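Quick one: this structure, given as structure tokens, is what I'll be asking you about.
The model shown is predicted, which means the values in this text are computed figures rather than measured ones.
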Amino acid sequence: MIVPPSTAWAQAPASNSQAGSKAAVFDFELADSSLEGEKNGPQADEQARLMRISDQVRKGLAESGKFVIVDIAPVNTAAHNSNLQACGECDVDLARKLGADLAITGVVRKISTLILSMIIYVRDAKTGQQVTAMSADFRGNTDESWARTASFLLRNRLLEPNYGVRH
């Protein structure tokens with residue numbers, strides 16, 4: 001699902017020295033409805049993948065020059081104690097506390113060890129409105145499949161040339 005961006009999306013800088021939108025990129029979450037997840041609970045390898053793809057998205061957004069990534073450390077415990085996808089705009093409240101313009105959250109939905117999807121949500125931290133959302137389905141519960149999916153969404157949705165740039 002790709003929701004068309006609003007004008008609040010991203011302010012692409014005229015040069016690398018000009019800062020873009022401040023984004024609070026929260027650690028991705030796992031929604032595991034698989035039989036394996038039901039039987040075994042959270043898996044260490046999947047938790048490690050969540051951290052790696054969260055860092056991958058932060059790094060990619062920062063390196064683009066379109067975003068300034070704010071440090072989420074002051075609210076990280078509160079974020080981890082919440083289900084950011086169903087907490088009634090707590091992601092927006094946390095981003096607002098950090099002085100961010102955007103709250104970016106992500107979730108990996110695991111149906112089975114073969115069928116997964118990654119969804120990224122971008123919300124305006126001032127209004128709480130969803131700016132855009134994007135998803136990609138992928139196959140295989142491996143480091144490579146998770147990293148490639150995050151890379152695809154980053155390159156082809158979040159950083160697509162002029163995607164959501166104010167005119």
Side-chain angles (χ1 to χ4, degrees), residues 1-6 8-10 12 20-21 23-67 69-70 72 76-92 94-95 100 102-124 129-165:
M1 163 176 101
I2 299 175
V3 178
S6 77
W9 175 226
S21 297
V25 182
F26 295 98
D27 293 336
F28 279 49
E29 298 174 323
L30 179 66
D32 188 349
S33 61
S34 70
L35 179 60
E36 178 186 46
E38 185 178 322
K39 288 172 60 177
N40 301 328
Q43 300 297 301
D45 59 340
E46 293 168 345
Q47 297 305 309
R49 285 185 196 118
L50 289 170
M51 293 303 104
R52 282 195 298 273
I53 63 170
S54 300
D55 289 341
Q56 179 182 348
V57 169
R58 284 185 198 101
K59 181 179 178 189
L61 291 175
E63 288 176 350
S64 75
K66 293 182 179 183
F67 301 89
I69 305 303
V70 299
I72 62 167
N76 203 27
T77 299
H80 279 261
N81 290 332
S82 303
N83 175 346
L84 294 177
Q85 307 310 317
C87 61
E89 296 190 8
C90 66
D91 59 325
V92 171
L94 295 171
L102 301 169
I104 300 177
T105 61
V107 63
V108 173
R109 296 198 185 281
K110 180 181 172 188
I111 308 306
S112 70
T113 55
L114 179 62
I115 303 169
L116 301 98
S117 65
M118 187 178 297
I119 308 159
I120 300 175
Y121 300 96
V122 180
R123 294 176 11 133
D124 185 306
Q129 294 296 310
Q130 182 171 297
V131 176
T132 192
M134 58 212 63
S135 69
D137 293 339
F138 61 104
R139 300 296 176 257
N141 192 11
T142 66
D143 292 349
E144 182 179 6
S145 64
W146 286 48
R148 283 186 174 199
T149 304
S151 178
F152 171 83
L153 289 172
L154 184 63
R155 280 190 335 270
N156 297 297
R157 296 297 183 264
L158 285 170
L159 296 177
E160 186 175 284
N162 298 320
Y163 183 65
V165 175

Are the side chains of D137 and I115 in touch, meaning some heavy atoms are under 4.5 Å apart?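 No - every pair of side-chain heavy atoms lies 4.5 Å or more apart.
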Give, for atom CD1 of I53 and atom CD1 of I120, the distance between the pair rounded to the nearest 0.5 Å.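 Here the interatomic distance stands at 7.5 Å.
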Taking atom CZ of R148 as the centre, report whether more than 12 heavy atoms of other residues, nucleotides or ligands fall under 6.0 Å from it. no
What distance separates C87 SG from L94 CG, expressed to the nearest 0.5 Å?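 It comes to 7.0 Å.
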Side-chain touch E29/L84, heavy atoms, less than 4.5 angstrom: yes
List the residues meeting salt bridge (charged side-chain N to carboxylate O under 4.0 Å, His left out) with D143, not counting sequence neighbours, and say none if there are none. R49, R52
Approximate separation, where rounding is to 0.5 Å, of M118 CE and L30 CG: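 The CE atom of M118 sits 10.5 Å away from the CG atom of L30.
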For a quick test of reading the model, state the closest non-hydrogen atom pair linking M51 to H80 and the distance between them. CE-CE1, 4.1 Å
Test side chain to side chain contact (heavy atoms under 4.5 Å, CB included) applied to I104 and D91, V122, I69, the passing residue: V122
Kindly give the heavy-atom pair with the smallest separation between G140 and W146, and that separation in Å.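 Result for this residue pair: O-CD1, 4.4 Å.
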S112 side chain vs L114 backbone, donor-acceptor pair below 3.5 Å: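 The answer is yes, because a donor-acceptor pair under 3.5 Å joins these two groups.
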Nearest non-hydrogen partners of R123 and Q130, listed with the distance: CG-CA, 3.8 Å
Would a 4.5 Å heavy-atom cut-off, applied to side chains only, mark S135 and S117 as touching?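 The answer is no, as the side chains (C-beta and beyond) never meet within the 4.5 Å cut-off.
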Derivation of the side chain to side chain contact (heavy atoms under 4.5 Å, CB included) call for S34 and T113: CA-CA 8 Å; S34 70; T113 55; over 6 Å; no
Using modelled atom types and a 3.5 Å cut-off, is there a donor and acceptor pairing between side-chain atoms of Q56 and backbone atoms of A147?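 Judged by distance alone, yes, a pair lies under 3.5 Å.
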Partner residues of E36 under the salt bridge (charged side-chain N to carboxylate O under 4.0 Å, His left out) criterion, sequence neighbours left out: K110
Evaluate the side-chain proximity of F67 to L102: yes if any heavy-atom separation is below 4.5 Å, no if none is.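 Side chain of L102 against side chain of F67, heavy atoms only: contact under 4.5 Å found.
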When rounded to the nearest 0.5 angstrom, what is the spacing between OG1 in T149 and CD1 in I119? 12.0 Å
Taking the side chain as every heavy atom from C-beta outward, state whether L50 and D27 have any pair of such atoms under 4.5 Å apart. no
Trace of the side chain to side chain contact (heavy atoms under 4.5 Å, CB included) decision for T132 with M134: CA-CA 7 Å; T132 192; M134 58 212 63; 3.6 Å; yes
Side chain proximity check, V107 to Y121, heavy atoms < 4.5 angstrom: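 Yes. Closest side-chain heavy atoms under 4.5 Å.
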When you measure from the side chain of N156 to the backbone N and O of F152, does any donor-acceptor pair fall under 3.5 Å? yes
Contact between N40 and Q43 at the side-chain level, heavy atoms closer than 4.5 Å - yes or no? yes
Atom CD of Q47 and atom CZ of F28: how far apart are they, to the nearest 0.5 Å?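 So the CD of Q47 and the CZ of F28 are separated by 14.0 Å.
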Distance in Å, R155 CZ paired with S64 OG, rounded so as to fall on 0.5 Å steps: 14.0 Å
Report the C-alpha distance between L61 and L158 in whole Å, list the side-chain angles of each, state the deciding distance to 0.1 Å, and finish with yes or no for side chain to side chain contact (heavy atoms under 4.5 Å, CB included). CA-CA 8 Å; L61 291 175; L158 285 170; 4.1 Å; yes
Below 4.5 Å, heavy atoms only, C-beta onward: do V25 and V70 meet side chain to side chain?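 No, their side chains stay 4.5 Å or more apart.
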In terms of side-chain heavy atoms, does S54 have a donor or acceptor partner in R58 at a distance below 3.5 Å?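 Side-chain D/A pair, S54 to R58: absent.
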Closest heavy-atom pair and its distance - G60, L159: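 Scanning both residues completely, I find the closest heavy atoms to be O-CD1, 3.6 Å.
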